[in-house]
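Sequence lines set the chain letters: A, B, ... in the order given, protein chains first and strands last, and positions in each chain run from 1. Note that the structure is a prediction, hence the values are computed from the model and not measured.
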2 protein chains.
Amino acid sequence: MDEKTFSHRDEPPKDEERVGERVTIRDVAKQAGVSVSTASKALNERGRMTAETRDRVRQAATQLGFTPNALARALVSQRSFTIGLLTSDTYGRFTLPIAAGLSAAMADRGVSVFLCAVGDAQDRIDINLRAMQEKCVDGLIIAGKRIDRRVVRDLPPLGMPVIHVNAASAEGEIGFVPDDIGGARLAVEHLIRLGRRRIAHISGPTNFEAVTLREQGWRLALDDAGLLLPGPASALPGEWSEAYGFAVGQRFFDRPSSERPDAYFCGNDQIARGLIDALSFGGVCVPADVAVVGYDNWELFAAATRPPLTTVDMCLTDLGGAAGLTLLELIDGKPVSPGVRRQPCRLVVRQSCGTGSAGYARPQMGGKPEEERQPIGSSTG
Amino acid sequence: MDEKTFSHRDEPPKDEERVGERVTIRDVAKQAGVSVSTASKALNERGRMTAETRDRVRQAATQLGFTPNALARALVSQRSFTIGLLTSDTYGRFTLPIAAGLSAAMADRGVSVFLCAVGDAQDRIDINLRAMQEKCVDGLIIAGKRIDRRVVRDLPPLGMPVIHVNAASAEGEIGFVPDDIGGARLAVEHLIRLGRRRIAHISGPTNFEAVTLREQGWRLALDDAGLLLPGPASALPGEWSEAYGFAVGQRFFDRPSSERPDAYFCGNDQIARGLIDALSFGGVCVPADVAVVGYDNWELFAAATRPPLTTVDMCLTDLGGAAGLTLLELIDGKPVSPGVRRQPCRLVVRQSCGTGSAGYARPQMGGKPEEERQPIGSSTG
DNA sequence: CTGAAAGCGCTTACAG
DNA sequence: CTGAAAGCGCTTACAG
């Protein structure tokens, strides 16, 4: 089990150096011939000392394979370098990108993150909240599935900074959510740039704030371009499903040709897919006849659509990272103003809008770069 | 920020009880009028003492809102009640169910789990492995995307128990993976029970062990029923994509009617979906003419398929929970034999196989063939 | 039954 | 520049 180097191991092991036991700073100090406090300072770049001494300690540490005990350090420094991620999304559509971004940003700074998948059960929430307190996390990220719902209804005073991500936050709290208005604008402006003029919008249920915001973005972009059609009828809120997109696509043919949209901005990728299926089935060519933009950049849908879907990516990974960084500032006592931050989305251009004349293509257009092209959904292996 | 109760707060706060500071066991002891060691024992149900004393301590603890400091406890008990989850799957298809199951099972036992999303970058792996050691986790779960790939190629001696989940493990290690052979049998036996006789198999690339195993299960089930067709041609390995399923579905019509399968067992849900689309598009009715079973129970696909897909669920949540429990045993020093455990899958019956004669129907099964006879696009959801 | 002491592995003033 | 001492918040033998 142990494959420690055999060099420098001539003397019989003293009690502090018992084989299999973890090597502590005492071992390092002894090996380097200094006191424990000096060893500590040397290892932590603190205080002044001879370069020679510092080096000797460092050498001893690597030689012995010293790993500092973060628990002990946390106990004295009152800082555990851990944070908690409490998420209600056990399915993972939103949480995993957020968690991955958070985890990566934190790992670089020596901070580890506890995952608490609580779903919606209040007792799970309580248990995990308590665990986080016992474990002395420095702060907490609370992540949800909807920007208009709180994950924890009555958050008790935790005595630590908290940031809400992709979820609702109350007055005085700090929240990070995707900028839905901006994301929608990205999509619609892209369509306009490509020469589309009759741009319809299909989306999910209106009781989602995201639906309202994306519709606003759509409207604003159209208005800016002087393309806003009269009447509210052109926005079609419905369901988040493929079936709904399909149904709308079928209704496309009920309208006289002159009234048919030449583009659709969809509230999510599933709707876009259903829509494209219906249009294609009806003999309409996407993107030649009708352009389609989705929302979410859910690879699985976006890449499987024929043609591959141009769609808005909410950059949830960045969102997680940004939230984590701000949490760190809070932990460091830096002043951070409350309120919700709407983080920018980005448009991923594939082929469902054609190229038009804008020359908007990116190198990776029509697909993600190789590295990201994983065997998604490849059921295990 | 602090909303401590105001009762029992008459005396001016002593230095150990400064407002805003966390209350420690010393505070509890003082409040209860006992020593710290007695307080500790009372709170931990250890040693013998008057019920009266124990109660007094407990009361003081709740009154003061005492939360034990797990860091301090870990330092002395050499047990942190934390484990690490290192996962290469940043997309989340497999990790999140596993993580959720693990997290839930551990939370019930006071164990918290660190999430380390490392992707495939070796430096991320190293950083996170080191962080887990510094944080003194009691054990590590390493989760992957494929049962035939190691997540960490050369795992250094960590000095802590490790369990591999949904990933390859080496001789002498412990692994938890879904039972692919069993899962396949579940699917095929279901089809047989429903009266299907010519059951084809479509799956992903043959360099996936999962593909090989599922094919084995398919073959075994057929053989048991005396339905094994001669020649290896009836297994069609290809890609994990919808496009591949669609392509196979199209080839269905190239064969003479007498040679056409009356059922397909698909290696994943995406293939199944593509297949169903192609069959429906060609006028074949699913399940009346051809039954289809998928694999993964990826809700998004399984529920969106027309008709909703009967599919194999790998029970990844259970897998995560089971792995965690075994890790706990390892941590407790209990003997656990090495090797890989293949955990059972379960069949989720929806409507893509019809009811047949086996009386296997559930209330929502058995849609009218007419309703199900829909063009390709209707396979939205 | 209860408490004083030592110690988990570190860091941090404070002396020398 | 270096080290002895105290202490972070707890638990665990060991005395009383």
Novice: Ignoring the backbone of Ile25(B), work out which of dC1(D), dG9(C), dT11(D) is nearest its side chain.
Specialist: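 Closest nucleotide to the Ile25(B) side chain: dT11(D).
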Novice: For dT11(C), does OP1 or OP2 lie under 4.0 Å from any side-chain N or O of Asn44(A)?
Specialist: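 The answer is yes; a side-chain N or O of Asn44(A) sits under 4.0 Å from OP1 or OP2.
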Novice: To the nearest Å, how far apart are Arg73(A) CZ and dC8(C) C1'?
Specialist: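 That distance rounds to 16 Å.
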Novice: Quick one: Leu75(B) CG to dG7(D) C1', roughly how many Å, whole number?
Specialist: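 It works out to 12 Å between those atoms.
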Novice: For Ser37(A) and dA4(D), is the shortest distance between a side-chain N/O and OP1 or OP2 below 4.0 Å?
Specialist: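 Looking at the OP1 and OP2 atoms of dA4(D), neither is under 4.0 Å from any side-chain N or O of Ser37(A).
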Novice: For Asn44(A) and Arg73(A), what are the C-alpha separation, side-chain angles and deciding distance, and is it a side chain to side chain donor-acceptor pair (under 3.5 Å)?
Specialist: CA-CA 11 Å; Asn44(A) 294 307; Arg73(A) 191 201 304 254; 3.3 Å; yes
Novice: Relative to the 5' end of DNA chain C, which residue comes earlier, Lys41(B) or Ala39(A), by the nucleotide with the nearest heavy atom?
Specialist: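 Per heavy-atom nearest nucleotide, the more 5' residue is Lys41(B).
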Novice: Kindly say if Ser40(A) contacts the phosphate of dT11(C), meaning a side-chain N or O under 4.0 Å from OP1 or OP2.
Specialist: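 So the side chain of Ser40(A) is within the cut-off, an N or O lying under 4.0 Å from OP1 or OP2 of dT11(C).
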Novice: Between atom CD in Glu134(B) and atom P in dC10(C), what is the gap in whole Å?
Specialist: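 After rounding, the gap between these two atoms is 10 Å.
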Novice: Just to verify, which of Val165(A), Asn166(A), Leu319(A) counts as forming a side chain to side chain contact (heavy atoms under 4.5 Å, CB included) with Phe94(A)?
Specialist: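 It is Asn166(A), the one option of Val165(A), Asn166(A), Leu319(A) that forms the side chain to side chain contact (heavy atoms under 4.5 Å, CB included) with Phe94(A).
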Novice: Between Ser35(A) and dG3(D), is there a contact of a side-chain N or O with OP1 or OP2 at under 4.0 Å?
Specialist: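 Result: yes.
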Novice: With pairs defined as Watson-Crick or G-U wobble and both distances under 3.5 angstrom, please note down DNA chain C as a dot-bracket string, | for pairing with another strand.
Specialist: |||.||||||||.|||
Novice: Taking all atoms of both residues into account, what is the closest heavy-atom pair of Gln31(B) and Ala60(B), and its distance?
Specialist: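 Looks like CG-CB, 3.4 Å.
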Novice: Check every atom of dT2(D), dT12(D), dT11(C) against the side chain of Val76(A) and return the nucleotide holding the closest atom.
Specialist: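 Selected nucleotide: dT11(C).
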Novice: Using whole Å, report how far CD of Gln78(A) lies from C1' of dA6(D).
Specialist: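 Rounding to the nearest Å, CD of Gln78(A) and C1' of dA6(D) are 15 Å apart.
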Novice: Quick one: Asp27(A) CG to dG9(C) P, roughly how many Å, whole number?
Specialist: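 Rounded to the whole Å, the gap is 9 Å.
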Novice: Could you give the CE-to-C1' distance, from Met49(A) to dT12(C), as a whole number of Å?
Specialist: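 Atom-to-atom, Met49(A) to dT12(C), this comes out as 13 Å.
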Novice: In a check of side chain to side chain contact (heavy atoms under 4.5 Å, CB included) between Ile163(A) and each of Leu325(A), Leu330(A), Ile142(A), which one passes?
Specialist: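 In the set Leu325(A), Leu330(A), Ile142(A), the residue that makes a side chain to side chain contact (heavy atoms under 4.5 Å, CB included) with Ile163(A) is Leu330(A).
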Novice: Atom CG of Leu71(B) and atom C1' of dT11(D): how far apart are they, to the nearest Å?
Specialist: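 Leu71(B) atom CG is separated from dT11(D) atom C1' by 15 Å.
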Novice: Any carboxylate oxygen within less than 4.0 angstrom of a Lys/Arg side-chain nitrogen, looking at Asp89(A) and Lys145(A)?
Specialist: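 The answer is no: the pair does not qualify as a salt bridge.
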Novice: Sequence neighbours excluded and cut-off under 3.5 Å, please list the side-chain donor-acceptor pairs for residues 113-121 of chain A, or say none.
Specialist:
none

Novice: With sugar-phosphate meaning primed atoms plus P, OP1 and OP2, does Val36(B) contact a base, only sugar-phosphate, or nothing at under 4.0 Å between heavy atoms?
Specialist: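 Val36(B): base contact, heavy atoms under 4.0 Å.
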Novice: Check this one for me: any side-chain N or O of Thr38(B) less than 4.0 Å away from OP1 or OP2 of dC1(C)?
Specialist: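 False: Thr38(B) side-chain N/O out of range (4.0 Å or more) of dC1(C) OP1/OP2.
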Novice: May I ask you to test the Leu158(A)-Gln133(A) pair for a side-chain heavy-atom distance under 4.5 Å?
Specialist: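 Result yes, sub-4.5 Å side-chain heavy-atom pair found.
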Novice: Evaluate salt bridge (charged side-chain N to carboxylate O under 4.0 Å, His left out) for Lys30(A) paired with Asp27(A), printing each intermediate quantity in order.
Specialist: CA-CA 5 Å; Lys30(A) 186 169 299 178; Asp27(A) 304 321; 5.9 Å; no
Novice: Is the phosphate of dT2(D) approached by Thr53(A) (side-chain N or O, under 4.0 Å from OP1 or OP2)?
Specialist: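 Yes, such a contact exists.
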Novice: Let me spell it out: for each of Ala72(B) and Arg56(A), pick the nucleotide of DNA chain D with the closest heavy atom. Which residue's pick is nearer the 5' end?
Specialist: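 The answer here is Arg56(A).
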Novice: Over how many whole Å does the gap from Asn69(B) atom CG to dG9(D) atom C1' extend?
Specialist: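 Atom-to-atom, Asn69(B) to dG9(D), this comes out as 6 Å.
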